Amino acid sequence: MHDLSVTQLAQGLRDKRFSSAELTRAFLQRIAELDGQYNSYISVDEAGALAAAAAADTTLARGEGGPLTGIPLAHKDIFCTDGLRTSCASKMLDNFVPPYDATVVRKFRAAGAVMLGKTNMDEFAMGSSNETSFYGAVKNPWDLERVPGGSSGGSAAAVAAGLAPAATGTDTGGSIRQPAALCGITGLKPTYGRVSRLGMIAFASSLDQGGPMARSAEDCAVLLGAMAGHDPLDSTSADVPVDDYLAGLGEPLAGLRIGLPRQYFGDGLDAATGECVRAALGEFEALGATLVDVDLPNTGLSIPAYYVIAPAEASTNLSRFDGVRYGYRCAEPVDLHDLYTRTRGEGFGEEVKRRILVGTYALSAGYYDAYYKKAQQARRLIARDFDAAFQQVDIIAGPTAPGPAFRLGEKNDDPVAMYLEDVYTLAVNLAGLPGMSVPAGFVDGLPVGLQLVGRHFAEARLLNVAHQFQQATDWHTRRAATGGSN
Amino acid sequence: MAIEQDEIEKIAELARIRVDAAQAADLTRRLGDILAMVDQLQAADTADVEPMAHPLDATQCLRADRVTEENRREAFQAIAPAVEDGLYLVPKVIE
Amino acid sequence: MQWETVIGLEVHLQLATASKIFSGSPTTFGAEPNTQASAVDLAMPGMLPVLNEQAVRYAVMFGLGIDAEIGLRSVFDRKNYFYPDLPKGYQISQFAEPIVGRGHFEIQLEDGSTRQIGITRAHLEEDAGKSLHEDFHGMSGIDLNRAGTPLLEIVSEPDIRSAEEAVAYLKALHSLVTYLGISDGNMAEGSMRCDVNISLRPRGHEEFGTRAEIKNVNSFRFVEKAIRHEIERQSDILEDGGKVVQETRLYDPDKDETRPMRSKEVANDYRYFPEPDLLPVIIDTSYVEAIRETLPELPTAKRHRFAEQYGLSAYDAGVLADSRALGDYYEAAVAACGDAKIAANWVQVELLGQLNRSDLELGDCPVSAPDLGGLIARILDNSISGKIAKQVFEAMWAGEGTADEIIAAKGLKQVSDSGALEAMVDEVIAANPGQVEQYRAADEGKRKKLIGFFVGQIMKASKGQANPQMVNSLLAEKLD
């Protein structure tokens, strides 16, 4: 069962080949057996999952329910879950059990999905390797010596290893797409504002976006349909109608213009990875699409702009973690200042502290114009590049990451080298565009991702393009060898 | 832009993060690397470019002035580190 | 040296919305601690703000009330600092693009003279919670019920020159915002809190001196005392050749002094930047114009109209136009009696005096405006004297009925029957031959005094109900 797609599982449930309870137990058992080696889950909610599965079975028995009724899923541990610890992979929230659900979680519950548990991630989503987690690094199912990518590395590894049919992730600078690429699954970062951020613990408010991670574009379409929509409790949520993403999956690609940014195929791209990506693009031509070179001249600004804007927003988003109302509190503070500095000094990990300090610096008196304002201006230049490119093409394609999964610890010591991992993904967040990563081949047995970027709110088109590609290729069906009993 | 250790200490104080003396030098070096990378921004010609705070040119929607929240003090304070008589306790606040 | 005082005021006005500025929690004052603090107000992880339309509307109303430029685009920013009553570690405020720009309004001083005071800006922001300092084993308690209550911060130009003007400014502001109905203006409950920026400069100099900021002065009286104290403190320093330090001070009403705030000593770097969880607030002119249509007559306009239409002094017009309710009461009393000046006198002296003595608000006044007008009408038609009227008013206050009912029930109607009066006059003349002798012997000047004796006797005999004009003329006639 763990090899089936979400749509196949839904069919199986409807055909009564298995019940949601059986399905859920099978996944719980796989997690118990196999997750010791991946460390993809932070919390597993066996009782909650079985109760939800039983409820789903009742619904299904009445002949009711939708495409997600009874389907087990995992949520990144950044989405607040009522009554279940939500840690953001930080010591700061190790004891935090929210008395509320994130809107995304609430929507999946309402759709009848079964939550298996909460997946591991980089602490507060700050990282590209899942090594900053308070709960330890996640291992890539294709090679246990390698990182799964980050920050949604737990979700990516869980899906890749068959420990969940699909999962949610969040993407601030590539945190869905890069781990999806490195773990050989399909992930979609929607347009900024497409999915509610309420109850999703903020990293960088103007960049964060939740999205689906699954084995195929079709499964992502099912999940996005449940996640997307306007939320009156999130002021930045877009009041734009949600397309029927599944219904849009049948469009042929003839006449589609695909833009290849010159800047995405230059120095810094691993040669073998580049080959995979070019070969995949050849498939699109075979499907009737036209490849067009485009220019994104300000691509070089995306890393510095991002590493001002994201830390600046994060530095103040994380001010609420002060040991007063919830979460970690240092032992026996001698005064208020001690409470703050020790709680935060002890509760946050090193990368989080670095980013808070960089962000604080960028916003501080005398530096605001040189850093923050300048970065916001660079952001507009980057967004204009995409606007111009989309005058010529329908979607933009390129590599998701500069290379396949790297070794654990390899980039740990050099934050700046780690930041380069997101060189192709950051600009998409800065411009608020939807982006996907789809499996596009292998380098030395490690998956390579192809990134597809669309216009604002063009998720339906992106999903269809990815789906057409997946109809013609089988990269997305390849599975890492995992063992396990079912 | 190079950053000095005393500047890091000032920033850490603003951010209310205790930095141990042992970590300070290492932190200064790493932050220096990050800021050096970020300084690539200075080369960009941004004259007359309007800063972009949000990716979509959307505007704020307004909520009707209605009370929609009920008292959930018990649930919220069940997860608080220190409460008494319905108040959150902190070391003495001096004005 | 002659020093000139330069004062600018920052007033934090709580807006009278039902729910908070960014959440659906109630804003009622005085609830049990933390029972009105939602997940948003507590800055629970993942919580997001959504702006309350009524707060925007109230800010626009204020802007129109001070003739200000309205920011058709305004932007919220984060003001970052750590304090236990500030759950997010930042306050959502407006920094670079406030909703209300430059404006002005008129204040009136005790002597009836007026001045225009400039308003630099007014912006929307959220209130913080409260730290309670009573001892919890050496700890402070934090109540976040107030966190997220909408505030309009109103910043004046440094146009104010004395404690008296500062108080007049605050009173005028209080009057304006309560007219508009955008705040209850209840200073005791903290609905209107004031920070005073104050500096001295040699008279005639243009350049400002170094200022001190006095935080959270929360009554008209304390504002006056705090300013007087601070002027003295700063002039002492300057006279001694010292320098005023730019700092934040706290007024201690018990000791009547200001002292530096310890917590704010560290130079703050608030790291303002646009709040990414909120989008720019865009309103259009039709929205603003629709609000303008709903504005009531404002205090300054009403004051000027009262002076002109009713022939009142600037002072009287100011008192009567001070609150919308009092102005309405006054005008209803005038309508019922037809004499604006006597009505002005009655409302200011008797009505406000009685309210004050009984510690009542106008809304709780037991005597309605038409009833007061009815009472005044009885003075005007000579049914009762002014003196008896006060007696009747007391009875009305005690709920004994309308003026006419009380006059009838107590037989207070003035005796204007000339036959009855003549009999009384004759009786008194007959009973006091000595005084009559004296009167007749006296010259014109002394007679005026001596006649008072006879009037007094007659009023006594009539229990005050004799018509005084008639008594006077009868006496003059009979004694001559």
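Residue numbering restarts at 1 for every chain, and letters A, B, ... go by the order of the sequence lines. All figures in this text were calculated on a predicted structure; none of them were measured in a lab.
For chain B, no part of C:Val75 is nearby; none of its heavy atoms comes within less than 4.5 Å. Residue B:Arg66 touches chain C through its backbone alone, counting heavy-atom pairs closer than 4.5 Å. Both the backbone and the side chain of C:Pro280 come within less than 4.5 Å of a heavy atom in chain B. Both the backbone and the side chain of B:Asp85 have a heavy atom closer than 4.5 Å to some heavy atom of chain C. Both the backbone and the side chain of C:Ala39 come within contact range of chain B, each with at least one heavy atom under 4.5 Å from a heavy atom of that chain. Contacts between C:Ala18 and chain B at a heavy-atom distance below 4.5 Å involve backbone atoms as well as side-chain atoms. Of the atoms belonging to C:Ser23, it is backbone heavy atoms, and not side-chain ones, that fall under 4.5 Å from chain B. Only the backbone of C:Ile21 comes within contact range of chain B, with heavy atoms under 4.5 Å apart. Looking at B:Ala75, there are no atoms closer than 4.5 Å to chain C (heavy atoms on both sides), in backbone or side chain. At a 4.5 Å heavy-atom cutoff, the contact between C:Phe22 and chain B is made by backbone atoms alone. For a residue to count as touching a neighbouring chain, one of its non-hydrogen atoms must lie under 4.5 Å from one of that chain's; by this rule C:Arg271 touches chain B with the side chain only. Residue contact with chain C, scored on non-hydrogen atoms closer than 4.5 Å, involves the side chain of B:Ile79 exclusively.
When each of C:Pro84, C:Gly129, C:Pro26 is scored by its heavy-atom pairs under 4.5 Å with chain B, the top score falls to C:Pro26.
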What verdict does the side chain to side chain contact (heavy atoms under 4.5 Å, CB included) test give for B:Thr59 and C:Val281, after you've listed the backbone C-alpha separation in whole Å, the side-chain angles of each residue and the deciding distance to 0.1 Å?
CA-CA 6 Å; B:Thr59 59; C:Val281 182; over 6 Å; no
Run the side chain to side chain contact (heavy atoms under 4.5 Å, CB included) test on B:Val90 and C:Ile142 for me, step by step, so that the C-alpha distance in whole Å, both residues' side-chain angles and the decisive distance to 0.1 Å come before the verdict.
CA-CA 8 Å; B:Val90 296; C:Ile142 308 296; 3.9 Å; yes
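Residues C:Ser19 and B:Arg63 bring a donor and an acceptor atom of their side chains to less than 3.5 Å of each other.
Within a 6.0 Å radius of CD in B:Glu74, other residues, nucleotides and ligands contribute 12 heavy atoms or fewer. Residue B:Glu70 qualifies as open at atom CD: its count of foreign heavy atoms under 6.0 Å is 12 or below.
Closest approach of C:Val50 and B:Cys61 over heavy atoms only: CG1-O, 4.3 Å.
The distance from atom CZ of B:Phe76 to atom CG of C:Leu144, rounded to the nearest 0.5 Å, is 11.5 Å. Rounded to the nearest 0.5 Å, atoms CG (B:Leu87) and CD (C:Glu32) are 9.5 Å apart. Between the NE2 atom in C:His137 and the CG atom in B:Leu89 there is a gap of 6.0 Å [rounded to 0.5 Å]. For the atom pair B:Tyr88 OH and C:Leu42 CG, the distance stands at 4.0 Å (nearest 0.5 Å). Between the OG1 atom of B:Thr68 and the NZ atom of C:Lys20 there is a distance of 11.5 Å, given to the nearest 0.5 Å. Separating the CG atom in C:Leu278 from the CD atom in B:Gln60 is a distance of 5.0 Å, to the nearest 0.5 Å.
Under the 4.5 Å side-chain criterion, counting only non-hydrogen atoms from C-beta, C:Phe82 is not in contact with B:Leu14. Side-chain contact between B:Gln77 and C:Asn34 is present, with heavy atoms from C-beta onward closer than 4.5 Å. No side-chain heavy atom of C:Met139 sits under 4.5 Å from any side-chain heavy atom of B:Glu84. Residues B:His54 and C:Leu279 have side chains in contact (heavy-atom distance under 4.5 Å, counting atoms from C-beta outward).
Using a distance-only test at 3.5 Å, with no hydrogens or angles considered, no donor-acceptor pair links the side chain of C:Ser38 to the main chain of B:Glu69. In this structure, B:Arg73 contributes its side chain and C:Pro33 its backbone to a donor-acceptor pair below 3.5 Å. No donor-acceptor distance shorter than 3.5 angstrom exists from the side chain of B:Asp65 to the backbone of C:Asn52, with no hydrogens or angles considered.
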